[in-house]
Every structure is written in C-alpha cells, then in structure tokens.
Number of protein chains: 2
Amino acid sequence: MSTTRQRVRESGADAGSHDATRRALLDAAADVFAEVGFRQATIRDICKRAAANVAAVNYHFGDKETLYAEVLTEQSRLAMRLHPSPPDDPAVPAAIRLEQFVRSFLQRVLSAELSARHGRMMAREMVDPTRALDRLVKESIRPNALQLSSILRDLAGQGTTEEVLRLAGMSIVGQILFYCHCQPVVRRLFPESPYDAGQLEQLTRHITDFSLSALRGLSASGSPSRRRPQTKRRRART
Amino acid sequence: MSTTRQRVRESGADAGSHDATRRALLDAAADVFAEVGFRQATIRDICKRAAANVAAVNYHFGDKETLYAEVLTEQSRLAMRLHPSPPDDPAVPAAIRLEQFVRSFLQRVLSAELSARHGRMMAREMVDPTRALDRLVKESIRPNALQLSSILRDLAGQGTTEEVLRLAGMSIVGQILFYCHCQPVVRRLFPESPYDAGQLEQLTRHITDFSLSALRGLSASGSPSRRRPQTKRRRART
DNA sequence: GACAGATTCAAACACGTGTTTCAAACTCCC
DNA sequence: GGGAGTTTGAAACACGTGTTTGAATCTGTC
C-alpha cells in the first residue's frame, strides 16, 4: 500500500516539501471525506493516509473545516473541468444539449476516474449539509440549474409556465441523482448493475429519452393545469 | 419545552414506568436519529430529551445500534400505516394506481405529520448506510420496487423489456426522492417552496403526469434501443 | 409492612476526537 | 558552514463518546 504522500513525491513536480505535504493532505482528505463524510472523517486518518503528522492539517489549513472547504471546491472544479457542461450554443438543438447536460452531469458525479468523489461529497452535503453548502449552491448548483432551465425553455412549448419548467428540471435532476444518492440500494436491488462507463452511457440515453418524451407530452397537453377530474384527492379506501 | 417523557406520561396509557421510559426513548431517538443520523446522534442527547438517565438506553435496548434498528422499523411501519401503498387491484386503471403510488410514497417520506422522520432516516441510510440497510431493503424497499414494477408492466406496451421497466421505475423513484434527499438545496434554490400538503399534492400530479407522458412516448417509439445515430459519444469540443 | 425483583441514577471507565505545544529537523540563502 | 525561517514530530490537552457499575429507589405481592 503506497501512501498518497509517496505517490506525490515520486511523481516529480516536487515543489518543496511544503507543497508536497499540502497536496498529499488534499488528496487523502478527498478520499476520506468522500468515503465517510466531513463529520465522520478524522484528521488522524487523513494524516496517516498522507503520511503526515497529525499537526499537519492545522499547520497547512488551520482546521478541519477549512481543509474540507478546500477539498470540496477543488473536487468540484476538477469534476467540472473533466466533464464540462455543454456550451449554451443556440445552434445545437435543445434535445442534443439536454443529452449532453445529462451525460456530463452523470459523469461528474459517478464516473470512476474521479472515484465518484465529487458525487459522494455532494450527496452528503445535500442529505446532511455543512456550512459549505451555501457556497456550493451559489458556485456550482445554481449555475447548473440555470443552464438546465435554459435548455428546457428551448425544448418546451411556448405556453409552458416557469413553474412547469422548474418542476421538469427537478424531475430530470432527480433521475440523475438517484443513481448517485441511492447507489447502495441500487446495488442491493440489482446486484448485476455494473456502474461502469457503459452503464453511464445507457443511463444517459434512458434519462434523456424519458425526459424528452415526457416534455413532448406535457407541451402537447397544453397549459391549463386543471386536468384529470376523475381523481378526487385522497380517496383511497383500501 | 416539554420533554418526550412528560408527554408520554401525561397522555395517560401509562402501562408502568418501564414501558413509559421505553416509549419516551423510542420517540426521542426517532427525532434525534432523523435530525442528525445514527452516527452523529448521541445517547446523552436522546436520554436528555426522553428525561431518562444515560444508562436507560443500555438497560432497555442493549446498545445504540439496537435502539436505532427498532426506531427504524417502527417509523417505517408507522409511515406505511398512515400512507399505505395502493392495493394491487386490476380493476383500477394503472395510471390511477401510479398516481396513488406516487402520492403515498411522497407522503410517507415528506409529510409533516411524521416530521418527515422516515424520509430523513431513509435518505441517510442510502447515502451513508448502516448495518440496518439490508433489512430495510428486504422489508420495505424491495416490496415497494416490486409493486412499482407491476404498475409499470400494466402501463407499458407489450414490447417493453424488463430493463426498460427497471429504468423507468428508477426514473420515477428518483423524481420522488429528489424532494426528500435534496430538501436543503431546493429550499435554497426556491425559498418560496413551502413543502406543505398542497405542494405535495402538486408534486404528486407533476411526477405522475411527467412519468405517464414519458411512458407513452417510450412505448410509442417501439422496442429497438438502437436509435439516435447523430450523436457520437463524447464529442464536446469547447 | 417486608421482601424480591425491576428500574433508575450518578459516577466512572476506556477510548477517540480536534487542536495545541514546543522542541527537533530541515531548507534555503549568504 | 551557519543561521533564520519553515516544516515536522511526539506528546499532551480538553472534551465528548458509548458503555458499565453498583448502590439507591421504586413496584407489585404476600
């Protein structure tokens, strides 16, 4: 088992032991935070993996929370750099842009080359937020939501209200995040599910098709939301 | 601030102080586990809310994990009793059964009268599983998944493969769970979102419409999954 | 009322946590 | 090579954790 520190130091680019230790800490911390979350992660575990002393975190970052914040933004930028959202190019058909949006989103949160670190950390932030969530929303979640809105606006019919667009956006993001947030359950329900690149591509196509098909139907059924008179609310009677 | 214990004792039905303490512990534990999760919850906090001694948990339940397991199944059964899944009645149109499935699911995980305890605990189990997850999958998640499959089988066209049914099911559950798992984000993106009974009903209708519309499209487009030749994989450039 | 058993209680135990301390080792520059 | 400044290291600190202990109190029964 080679420590992160060794990997960093052997990989050349050793700009002094200060930066090497800092790098090793960031890498080890990314693994640990993704595996067990901010609160459950221990500085001792991180430092052991980075082959650094327990005091290293406080020396280089001040405290655990600052280290976490740096890891979070670094992983977020890394994921966005490796799998960027599609450009907002009006020349590209909106359906294609939606597919690209879904694909890049899925890859950011699930692709193996990132060990799904970003996705796991995001999932934890949503279910069990830390003080870092506000910045995360501002810097990466909200921009993403706005981009999806813009794609959906192009896709939907003229009469579609902002509210329907918002709901449709959440339906799409919900489908994507399901595979990220519920991975332990999906693996138990469908043990044959590989969660590899091939399946990611299959998921991309399914979510895109499912959502495009849904949007076509919603546009076709027109704007009035007063439909379905047959079902009164809550009339289950066994 | 009245403690759970007081509430229990004042509410009559005091079948001896043993059972009263046990009940108070279960209630307090449900609140705490839902608020901060199994690992972050402390026995001292639970006992303080239950107005019981620190040793009470070990005396009545053995240890923290056993208490957690009991809370989990109790809350799960409570949610299922208050908002049961629709019966598998072939006389009811599948579209209606889907709507009832979505509504009861949303109510189980989000409705205020349960303080969304069940939903929060489930969300935590999925993102950060404990040893209780296996039983949860076996006793409540898998049966639910099977019921959804049965509804979808009735809804989809004849040629629909098991795999497409599975994917569609996950698309639907993903939409439902999004509002549960991502509540902190949704509240930040849309501060006006009330998360009340009215919105639950609106969500029920949206998710049902969206999904029915999607399924109609998928059935119509036929079984062959080899479509969309125009987009080669990963050709983003820029 | 007295006794056995059940229940509660304050205190303690053993351990793990984030953080701090300060001396030792190292680095860099002259 | 020496010394200032940086970085590391082992140890300790203060606190919070789940669990245990054994005495005190309560409960029901004769």
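In what follows, chains carry the letters A, B, and so on, assigned in the order in which the sequence lines appear, proteins first and then strands, with residues in each chain numbered from 1.
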> Hey, does the side-chain of B:R44 have a donor or acceptor N/O within less than 3.5 Å of a partner on the base of D:dG16?
Replying inline: no
Can you tell me the distance, in whole Å, between the [atom1] atom of [X] and the [atom2] atom of [N]?
| X | N | atom1 | atom2 | answer |
| --- | --- | --- | --- | --- |
| B:I46 | D:dT19 | CD1 | P | 11 Å |
| A:N53 | D:dA11 | CG | P | 11 Å |
| A:D19 | D:dT8 | CG | P | 10 Å |
| B:I43 | C:dC9 | CD1 | C1' | 16 Å |
| B:N58 | D:dT20 | CG | C1' | 8 Å |

> Among B:M122, B:H181, B:M170, whose side-chain contact (heavy atoms from CB on, under 4.5 Å) with A:C182 holds?
Replying inline: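 Only match with A:C182 under side-chain contact (heavy atoms from CB on, under 4.5 Å): B:H181.
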>> I want to check a possible cation-pi pair here: A:R124 against A:F38, using under 6.0 Å from ring centre and within 45° of the ring axis as the test.
In response: no
> Does B:R117 count as lying over the ring of B:F33, i.e. NZ or CZ under 6.0 Å from the six-ring centre, within 45 degrees of the axis?
Replying inline: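 Checked: cation-pi criterion not met.
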>> Judged by each residue's nearest nucleotide on DNA chain C, which is more toward the 5′ side, A:A55 or A:A41?
In response: A:A41
> So which one's nearest nucleotide on DNA chain C is more toward 5', B:V54 or A:V54?
Replying inline: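 This one resolves to B:V54.
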> So which nucleotide from C:dT19, C:dC9, C:dT20 ends up closest to the side chain of A:K64?
Replying inline: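 Among the listed nucleotides, the one closest to the side chain of A:K64 is C:dT19.
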>> Quick check for you: among C:dA6, C:dT21, C:dT19, whose closest atom lies nearest to any side-chain atom of B:Y59?
In response: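 Selected nucleotide (nearest to the side chain): C:dA6.
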>> Would you compute the distance between atom CG of B:D45 and atom CD of B:E35 and round it to the nearest 0.5 angstrom?
In response: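 One finds 8.0 Å between CG of B:D45 and CD of B:E35.
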> Is the distance from OP1 or OP2 of C:dA6 to the nearest side-chain N or O of B:H60 less than 4.0 Å?
Replying inline: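 So the side chain of B:H60 is outside the cut-off, no N or O lying under 4.0 Å from OP1 or OP2 of C:dA6.
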> Does B:T21 put a side-chain nitrogen or oxygen below 4.0 Å from OP1 or OP2 of C:dT7?
Replying inline: no
